[in-house]
Amino acid sequence: KSERVLDQASRIAEELGDPFLKARSRLILARNYQFNEGDYSKAKKACQEAASLAKQANHRILEARAFLRLSSLALELEEYDEAFRLCEHMLVLWRELGNQSGCAYVFNQLGVIVDMQGQYDQAKRYFEQSLELFRDLGEEDGLAIAIGNLGGVTITQKNYALAHEQLSE
C-alpha cells in the first residue's frame, strides 16, 4: 500500500513539473524500496534520479541527501569504494553549504566504511572528527552515534579500558 501512495505522489510531482518535488518524491520512494522492500536496484535508480533532479532544481541539501542514501546502499552491498566516493562528494557539498552537521554525519559514515574494511585506526580518526563536530554543535543524537561507533572500533582493537571510558561519556 505504501508503494502505491508513494507512486501516486511521484506522479503528482511529475505532473506539476517541479524538479524539487520530483526529487523529493524519488528519494522517499528510494527509502521505501531500500528498507521496506529490500529492492536495492530500484532504490539505487530512484536515488540517482533524485540526485539528478535535485541538482537540476539547484537544491544542494536534497542532492547531498540523495548521495547519502546512495552511499548507504553501496555500504549495504559492500561496495566500499563507491560508498567512500559518494561520501567524499557529500562532504564537498556540505562544506560548500557550510553545514557542519552534514559534515559530521559524513565523517561518521566514512568511519563506518573503513571500519567494515578492517581499517580501524582510520575509522577511529573519522569517528573522532565526527565526535568533535557533534560536540561543538551540541547535537546529542549525532554525538551518541559517534561515541557508540568510536567505542565499538576501540573494542574491536581490544582496548577495553579506553572503550569503557569512551562509552561512558
Side-chain angles (χ1 to χ4, degrees), residues 23-24 26-40 43-52 54-55 59-169:
R24 184 75 181 116
R26 296 290 194 302
L27 200 52
I28 293 168
L29 196 56
R31 182 175 171 78
N32 181 64
Y33 290 143
Q34 182 179 1
F35 293 113
N36 294 343
E37 297 180 24
D39 190 333
Y40 297 124
K44 185 175 183 177
K45 182 175 187 254
C47 283
Q48 289 167 332
E49 290 171 356
S52 177
K55 187 171 187 155
H59 200 286
R60 307 287 290 197
I61 293 172
L62 191 57
E63 184 181 358
R65 289 184 179 151
F67 282 111
L68 176 62
R69 177 73 44 228
L70 280 167
S71 175
S72 171
L73 284 164
L75 187 59
E76 286 189 43
L77 296 170
E78 298 180 1
E79 296 170 355
Y80 301 120
D81 290 341
E82 177 69 3
F84 197 89
R85 185 190 66 75
L86 290 162
C87 281
E88 288 178 321
H89 185 71
M90 274 189 296
L91 195 54
V92 169
L93 289 173
W94 287 129
R95 284 180 170 154
E96 286 175 359
L97 292 166
N99 187 317
Q100 293 299 302
S101 178
C103 291
Y105 279 104
V106 172
F107 284 129
N108 190 73
Q109 182 84 338
L110 286 166
V112 170
I113 293 165
V114 297
D115 181 29
M116 292 180 78
Q117 297 176 82
Q119 299 173 30
Y120 305 122
D121 290 334
Q122 183 63 39
K124 283 176 75 171
R125 285 191 287 276
Y126 283 127
F127 292 141
E128 286 166 352
Q129 285 179 280
S130 177
L131 184 63
E132 182 180 333
L133 284 171
F134 283 131
R135 193 176 280 130
D136 290 347
L137 296 167
E139 286 193 28
E140 291 184 9
D141 290 347
L143 194 58
I145 292 167
I147 289 170
N149 285 334
L150 182 59
V153 78
T154 304
I155 289 170
T156 300
Q157 293 181 307
K158 301 190 184 323
N159 191 341
Y160 303 115
L162 179 57
H164 182 274
E165 182 181 317
Q166 291 167 336
L167 293 168
S168 296
E169 183 175 329

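Only heavy atoms go into these numbers, but all of them, side chains included; no hydrogens, no water, no symmetry mates.
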- [ ] Quick one: list whatever passes salt bridge (charged side-chain N to carboxylate O under 4.0 Å, His left out) with K55, sequence neighbours left out.
- [x] none
Open item on the list: Using every non-hydrogen atom in the two residues, find where A50 and L27 come nearest and quote the distance to one decimal.
Closed with: CB-N, 3.9 Å
- [ ] Kindly compute the distance separating CG (L62) from CZ (F67), expressed to the nearest 0.5 Å.
- [x] 11.0 Å
Task: Pairing residues for D136 by the side chain to side chain contact (heavy atoms under 4.5 Å, CB included) criterion, not counting sequence neighbours - done: E132
Could you go through residues 86-93 and list every donor-acceptor pair under 3.5 Å that involves a side-chain atom there, pairing it with any protein atom two or more places apart or in another chain?
none

Open item on the list: Distance check, rounded to the nearest 0.5 Å: Q48 atom CD versus R26 atom CZ?
Closed with: 12.5 Å
Task: Distance in Å, F35 CZ paired with S72 OG, rounded so as to fall on 0.5 Å steps - done: 5.0 Å
Open item on the list: Can you confirm whether L110 sits close enough to Q129 that some side-chain heavy atom of one is under 4.5 Å from a side-chain heavy atom of the other?
Closed with: no
Task: Counterpart residues, salt bridge (charged side-chain N to carboxylate O under 4.0 Å, His left out), relative to E96 (two or more places apart) - done: R60
- [ ] Go through the structure and list residues passing side-chain hydrogen bond (donor to acceptor under 3.5 Å, both in side chains) with D115, not counting sequence neighbours.
- [x] none
Task: Set of residues satisfying salt bridge (charged side-chain N to carboxylate O under 4.0 Å, His left out) with respect to E139, sequence neighbours excluded - done: none
- [ ] Find the distance between CG (L70) and SG (C47) and round it off to the nearest 0.5 Å.
- [x] 4.5 Å
Open item on the list: Suppose we screen for side chain to side chain contact (heavy atoms under 4.5 Å, CB included). Which residues come up paired with I61, at least two apart in sequence or across chains?
Closed with: H59, R65, W94, L97
Task: Qualifying residues under ring pair (Phe, Tyr, Trp, His ring centres under 6.0 Å), relative to Y126, sequence neighbours excluded - done: none
Open item on the list: Run V106 and S71 through side chain to side chain contact (heavy atoms under 4.5 Å, CB included) and show every step you take.
Closed with: CA-CA 10 Å; V106 172; S71 175; over 6 Å; no
Task: Listed partners of R135 passing salt bridge (charged side-chain N to carboxylate O under 4.0 Å, His left out), at least two apart - done: E169
Task: Residue pair A123 / G111: nearest heavy atoms and the distance that separates them - done: CB-O, 3.5 Å
- [ ] Only counting residues at least two apart or in another chain, list the ones meeting side chain to side chain contact (heavy atoms under 4.5 Å, CB included) with A104.
- [x] S130, L133, F134
Open item on the list: When you compare the side chains of R31 and Q34, does any donor N or O come within less than 3.5 Å of an acceptor on the partner?
Closed with: no
Open item on the list: Measuring from atom CD1 of I147 to atom CG of L143, what distance do you get when rounded to the nearest 0.5 angstrom?
Closed with: 4.0 Å
- [ ] Might you point out which heavy atoms bring N108 and A146 nearest each other, and give the distance in Å?
- [x] OD1-CA, 3.8 Å
- [ ] Could you note down all residue pairs passing salt bridge (Lys or Arg N to Asp or Glu O under 4.0 Å) where residues 66-85 supplies at least one of them, sequence neighbours left out?
- [x] E82-R85
- [ ] Check whether any side-chain heavy atom of V114 lies under 4.5 Å from a side-chain heavy atom of Y80, and answer yes or no.
- [x] no
- [ ] To the nearest 0.5 Å, tell me how far N149 CG sits from F127 CZ.
- [x] 4.0 Å
- [ ] Without swapping roles, check the side chain of T154 against the backbone of L150 for a donor-acceptor pair under 3.5 Å.
- [x] yes
Task: Counterpart residues, ring pair (Phe, Tyr, Trp, His ring centres under 6.0 Å), relative to F107 (two or more places apart) - done: none
Open item on the list: As a quick check of understanding, evaluate side chain to side chain contact (heavy atoms under 4.5 Å, CB included) for Q157 and K124, giving each step before the final call.
Closed with: CA-CA 10 Å; Q157 293 181 307; K124 283 176 75 171; 3.0 Å; yes
